[in-house]
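Data block below; observations after.
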Amino acid sequence: MSILIDDKTRVIVQGITGKIGSTQTRWMLKYGTTVVGGVTPGKGGNTVEDLPVFDSVEEAVQETGANASVFFVPAPFVLDAFYETADAGIKLIVVVPEHIPVHDVIKMRAYALEKEVLALGPTTPGILVPGKGKMGIMPGSLFSPGRVGIISRSGTLSYEFAGILSEKDIGQSAVVGMGADSVILTNLPDILKLFEADDETDAVIIVGEVGGMQEEKAAEFIANGMTKPVASYIAGRFSPEGKCMGHAGAIVRGSAGTVESKCEALKASGAEILKSPIEVIDWTIKNDIH
Amino acid sequence: MSILIDDKTRVIVQGITGKIGSTQTRWMLKYGTTVVGGVTPGKGGNTVEDLPVFDSVEEAVQETGANASVFFVPAPFVLDAFYETADAGIKLIVVVPEHIPVHDVIKMRAYALEKEVLALGPTTPGILVPGKGKMGIMPGSLFSPGRVGIISRSGTLSYEFAGILSEKDIGQSAVVGMGADSVILTNLPDILKLFEADDETDAVIIVGEVGGMQEEKAAEFIANGMTKPVASYIAGRFSPEGKCMGHAGAIVRGSAGTVESKCEALKASGAEILKSPIEVIDWTIKNDIH
Amino acid sequence: MRLYEYEGIDIFESVGIPVPRRGVAETTEDALIIAGEIGYPVVLKAQVLVGGRGLAGGVKTATTPEELEEISGTLFNFEIKGLPVRKLMVCEKADILRELYMGITVDGFSGKPVVVVSTEGGAHIEETARTSPDKIASFYCDPTFGFYPFQARMLLRRLGLSERLLTFCADVLVRLYRVFSQFDALIAEINPMVILKTGYQGGLLAVDSVIEIDNSALSRIQYPLPQMTERIENPLERKGREIGVTYVDLGGDIGIIASGAGLGMATMDIIGQRLRPANFLETGGGITEELLYKCMELVIMKVNLRAIFINIYGGINPIHEGARGVVRYIRDHNVTLPIVAKALGNHQEETWEIFRSGGVHVVTEAPTEIAVDRLFELVGKK
Amino acid sequence: MRLYEYEGIDIFESVGIPVPRRGVAETTEDALIIAGEIGYPVVLKAQVLVGGRGLAGGVKTATTPEELEEISGTLFNFEIKGLPVRKLMVCEKADILRELYMGITVDGFSGKPVVVVSTEGGAHIEETARTSPDKIASFYCDPTFGFYPFQARMLLRRLGLSERLLTFCADVLVRLYRVFSQFDALIAEINPMVILKTGYQGGLLAVDSVIEIDNSALSRIQYPLPQMTERIENPLERKGREIGVTYVDLGGDIGIIASGAGLGMATMDIIGQRLRPANFLETGGGITEELLYKCMELVIMKVNLRAIFINIYGGINPIHEGARGVVRYIRDHNVTLPIVAKALGNHQEETWEIFRSGGVHVVTEAPTEIAVDRLFELVGKK
């Protein structure tokens, strides 16, 4: 059983009638994903890629038995769509759009926890399970089936790692984009937990970046009993420092957030630190991952 | 066991340092109520009527073991105080103040339901259990111990009924002021339920008034299995009609809200309708209540 | 506090609800100028704080300046349910395809905001609610969560709305909820919400407004509102508001002062069986010597008064202090009218003594009926 | 978007937080007039969008007009961390008894607003957090519920505040939360919150402000805000903002265009080991032919550029369209700089073909390191 997407996953696309929504629906279908319909308020009754479009998620769920949703909804309407989707009983939501106000994200996050929804994003490329399906925008051609899990805060950097591995015939069990925003709907350790429990995953790559505390918290999880090998690359070593002014963030975070603090924490937890993405190849050889 | 107030009730007074708060605390103590302290933010460390004053409800609960609270808090601060009190674990709250915005009341009501708090008011005279204690402003001299329960939407009208009964040596098991506002924190049927279950109450008087649906809903409860005799007086027969403009209320309420609709519903449920308060004496004689 | 239609329309506009071009006229000259700017035909709407205006003839269309002058002249000399017409709203005439109803109020029993919509807007909406409940849909909100567009769309779909109309109406409904919430409204209503024949303004136009603001919340509303007292037509009722009591002017000749609305209504019910109340003054919980002095002053302003009946309880109120105010007024103004007072509760003995010192007839028994018997003895039949 | 101190103080004032009398001066003459109205001594504060201003000498007290003239002249010719001083805030000098710290931010990991307070306000607050954590207290809010005075009081009591100071500071903190919430702030901070020796303004004064607004929320804020682009000092970064991309100006000579911030940072990390990036342009998910044309234009504006490195993926982005824009720019402007492009994903073959037609060196393998090797071959060492 793969994580997040399996044979029972029935996906609806919210914002399916938009340019990106319809294009990505075509790519998802082409990749073999079970997309069963779409939602755009006011466009109910139309079809996109031969799929029915509904006015509401409630109706889409009733008519199609959908249990997962991927969002291509304009940023100002995402909070509303998220509430609607959670209320309609959907338990997996992938929020692709970027530029969603943080104050909306924290409300969505609280709602997801309350309604027991697993949500990824915002600003996520989504989830891809090679050979099974994908929810989001990952370009299918770069991925191949296998037993390495990838969790990434960055969209394109996750493609880079999958691409490097696939060229060396090392396939992936699942690739999960957590979302690149400062607040995300599901934290890194919670995804790590899914891979640790997944019998189709042998090892996990964490692709992180400077800022926030996700990687430090992941290191805590690894130290507290992750059994599978973990490698991690943290981008942003040469990034210029932001002109930070407020103290509140620094007080809350302490020293966390730098590339150094993340690498140190992960190294101490037993994870392998990759200084450059290409080093992932040596790591797979050393750990006999294939 | 009396309803709402018994030997285990330990009351704090919120807004105890105000003029009304301190005066009413004296009256409550004089009536034999177990008042254990008070709360006024910023006045912690003082005493009123030899009772300790605290800055927060949390502290008051910790220090005094309080489990009930009566509010003499200025209207603009009531919502905040209510949240604080419910969060501190208090399960009985009497909100005496009037002029609290309805939009605050509906939030308090939702919070009370969520936190399983029994709250009365706003604009309530409170609760009085003759011989045991009182929370609120009811003048003790008019009440006497006995076996008739009174529920009233109006403060002074509840005194009137208790006074009429007491003069005829018919005592009360408890007198509960629901609150005179259009939205109240606990509805009439829920109080009626307490009296129905109370082995110290033989009969109940409902003192209602024109407007709202409380009496109609109480009639439903009575019809659905109230076993004790109920008498009801509805004030407002000669009141001039309001210059109602909006339709929304009328659509939601239907025909409910007039003195006639209330009397009809209650009569149909088996309750006795009192056309004038003094008729309550005949009702007690007829039903052998004493 | 009820707002005039034009005030509500301004508020609707401030939150982005589409509203007609319009102006407010206090004279026929004003109305002509406004109509000239908008272009004929225009609709003239009498501004009064009472419902049923349309059916009473307070809304008229003018197609020419001449017609406008005639209509305006009539309306300014008009009274609707006893209220004078001081202002007209002059607005563009909407090209009506259909009329919807949208309203939000607080449901007293559930304690929740309830959003009501109907495909049959207009003056007969309450009748529609009774006869065709399927044309009405309502939604009870969680007051903490608020009201979101997806909920508005679910509600409106129950009426069969679809396509652009669905999302546009949902948008308006959410903005109406914002008004309801930000203005601490008891009622926020658009009736009718017009669907236009053209696509102008997104095809929707809120051509009427009903907003009633919770008086208890007036001080916290972040919007310039008129003074509450300004819009009370009856001068005695206005004075009541000013001194902080509830005063209702009635047609009879017995003045009533009571503490508590319920007791006050019961008192009126009892008196009303044999005599005619002149007014009804409810003190609330803030009795002081000064307040009751002013209450006496206000109640006595009513002409042809035959007696005053006082019914008060000492719970939260220091009735002995109130009694002092009554007696001081009697002395200052040599009041000779018969006054009956029933006063019980805390400080009752002291209160009786004070009342008696001013010549007030004190009743010490609990039933108000007995005190009214006493009043009846003093003044006889009507 | 970061706000200037004086803009934040205005916002604080609008929600009822006590703030000093003040004015904003763009010249020494202005400053003299304002100081004259306020009365000496006054504090002159350089307005720059960077922290550590006080320690860098950007805040001075003037006790006489002569002293003011001297200080003002110096400050207007001052740079703080490379930023010019264009405005001074002139404000009354507070009679300081103690300084508190109050700040609200979003905690990324818990996803909750966190309110932080300390009895040790001032420039060294972060050090206090490390060395004396007992002098700091924080509270994580439920974003749906909000932040209420009772929670503020519980928090402030942990610092030992009591009496009037407790309720007044709680009131300010709740108003600060209102700013945080209504302005979609990432940071809302008062440091220091001054406790005055006198009872003036309730004894409290917010003498500094830090507000950073979420750029994604700028369009929905109901308050007149300056244009985001106005406050970007670097003209190239400002142009980046205008065309809708993230552009960071750096000191080197290799231009970088990448899709996705993570990939962009990794690209810089890899290039930075052997060469020096001139800039970093991140396209986001909105690539079109036009956008990449403009990106080329922007990147090439940088003087002394030796090469351009393009690293893009076709996921959400139509990279073949982007490639067309790059090639069109090359042709329109006869670009002869070496350009290396790695482009993978949807439409990759088409993209390669287009790039090659414009003379771009295309790398088709996944590791960016291999493409950077190619770049290194073309340009040699730094």
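Per chain, numbering begins at 1; letters A, B, ... match sequence-line order.
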So which part of [X] gets closer than 4.5 Å to some heavy atom of chain C, the side chain, the backbone, both or neither?
{"X": "Ser141(B)", "result": "side chain"}
{"X": "Pro125(B)", "result": "neither"}
{"X": "Phe161(B)", "result": "neither"}
{"X": "Pro122(B)", "result": "neither"}
{"X": "Ile100(B)", "result": "backbone"}
{"X": "Ala180(B)", "result": "neither"}
{"X": "Leu165(B)", "result": "neither"}

Subject >> Ile127(B) and Lys134(B), any side-chain heavy atoms less than 4.5 Å apart >> reply: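 No. Closest side-chain heavy atoms not under 4.5 Å.
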
Of all of [options], which one pairs up most often with chain C through heavy atoms under 4.5 Å apart?
{"options": "Thr23(B), Ile106(B), Val183(B)", "result": "Ile106(B)"}
{"options": "Glu98(B), Arg153(B), Lys107(B), Lys275(B)", "result": "Glu98(B)"}
{"options": "Ile20(B), Asp104(B), Val96(B)", "result": "Asp104(B)"}
{"options": "Pro101(B), Ser154(B), Ala235(B)", "result": "Pro101(B)"}

**OP:** List for me each residue that meets ring pair (Phe, Tyr, Trp, His ring centres under 6.0 Å) alongside Phe72(B), sequence neighbours excluded, and say none if there are none.
**Re:**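 Not a single residue meets the ring pair (Phe, Tyr, Trp, His ring centres under 6.0 Å) criterion with Phe72(B).
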
Subject >> Within residues 209-218 of chain B, residues adjacent to chain C where the heavy-atom gap is under 4.5 Å >> reply: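 Residues of residues 209-218 of chain B touching chain C at under 4.5 Å: Glu209(B), Val210(B), Met213(B), Gln214(B), Lys217(B).
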
Subject >> Backbone of Ile319(C) reached by a side-chain donor or acceptor of Asn317(C) within 3.5 Å >> reply: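 Side chain of Asn317(C) to backbone of Ile319(C), a donor-acceptor pair under 3.5 Å: no, none is there.
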
Subject >> Side-chain donor or acceptor of Thr124(B) paired with backbone N/O of Leu120(B) under 3.5 Å >> reply: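 It does not hold such a pair.
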
Original post:
So with a 6.0 Å cut-off around CD of Glu349(C), is the heavy-atom count from everything else above 12?
Top reply: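 More than 12 within 6.0 Å, yes.
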
**OP:** Could you list which of residues 176-185 of chain C have a heavy atom closer than 4.5 Å to any heavy atom of chain B, in residue-number order?
**Re:**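 Heavy-atom contacts from residues 176-185 of chain C to chain B are Phe180(C), Ser181(C), Asp184(C), Ala185(C).
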
Would you name the heavy atoms of [X] and [Y] that are closest together and state the gap between them?
{"X": "Asn279(C)", "Y": "Ile256(C)", "value": "OD1-N, 3.2 Å"}
{"X": "Gly58(C)", "Y": "Ile80(C)", "value": "CA-CD1, 3.9 Å"}
{"X": "Lys81(C)", "Y": "Gly52(C)", "value": "NZ-CA, 4.3 Å"}

Original post:
When you check the side-chain N and O atoms of Tyr101(C) and Glu189(C), is any donor under 3.5 Å from an acceptor?
Top reply: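 Yes - a donor-acceptor pair under 3.5 Å links their side chains.
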
**OP:** Would you please name every residue forming a side chain to side chain contact (heavy atoms under 4.5 Å, CB included) with Pro133(C), sequence neighbours left out?
**Re:**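 Listed in chain order: nothing, the list is empty.
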
Original post:
If you measure from the Lys or Arg side-chain nitrogens to the Asp or Glu carboxylate oxygens, is any gap between Glu260(B) and Arg237(B) under 4.0 Å?
Top reply: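 Salt bridge between Glu260(B) and Arg237(B), a charged N being under 4.0 Å from a carboxylate O: no.
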
Original post:
Does a side-chain N-to-carboxylate-O contact under 4.0 Å join Arg374(C) and Glu369(C)?
Top reply: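 A salt bridge is absent here (no side-chain N lies under 4.0 Å from a carboxylate O).
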
Subject >> Geometric class of the Phe82(B)/Phe71(B) ring pair [parallel <30°, tilted 30-60°, perpendicular >60°] >> reply: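 Phe71(B) and Phe82(B): perpendicular rings.
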
Original post:
Of the options Thr267(C), Asn311(C), Asp373(C), which is the one that meets Thr368(C) in a side-chain hydrogen bond (donor to acceptor under 3.5 Å, both in side chains)?
Top reply: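 Among Thr267(C), Asn311(C), Asp373(C), the one that satisfies the side-chain hydrogen bond (donor to acceptor under 3.5 Å, both in side chains) with Thr368(C) is Asn311(C).
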
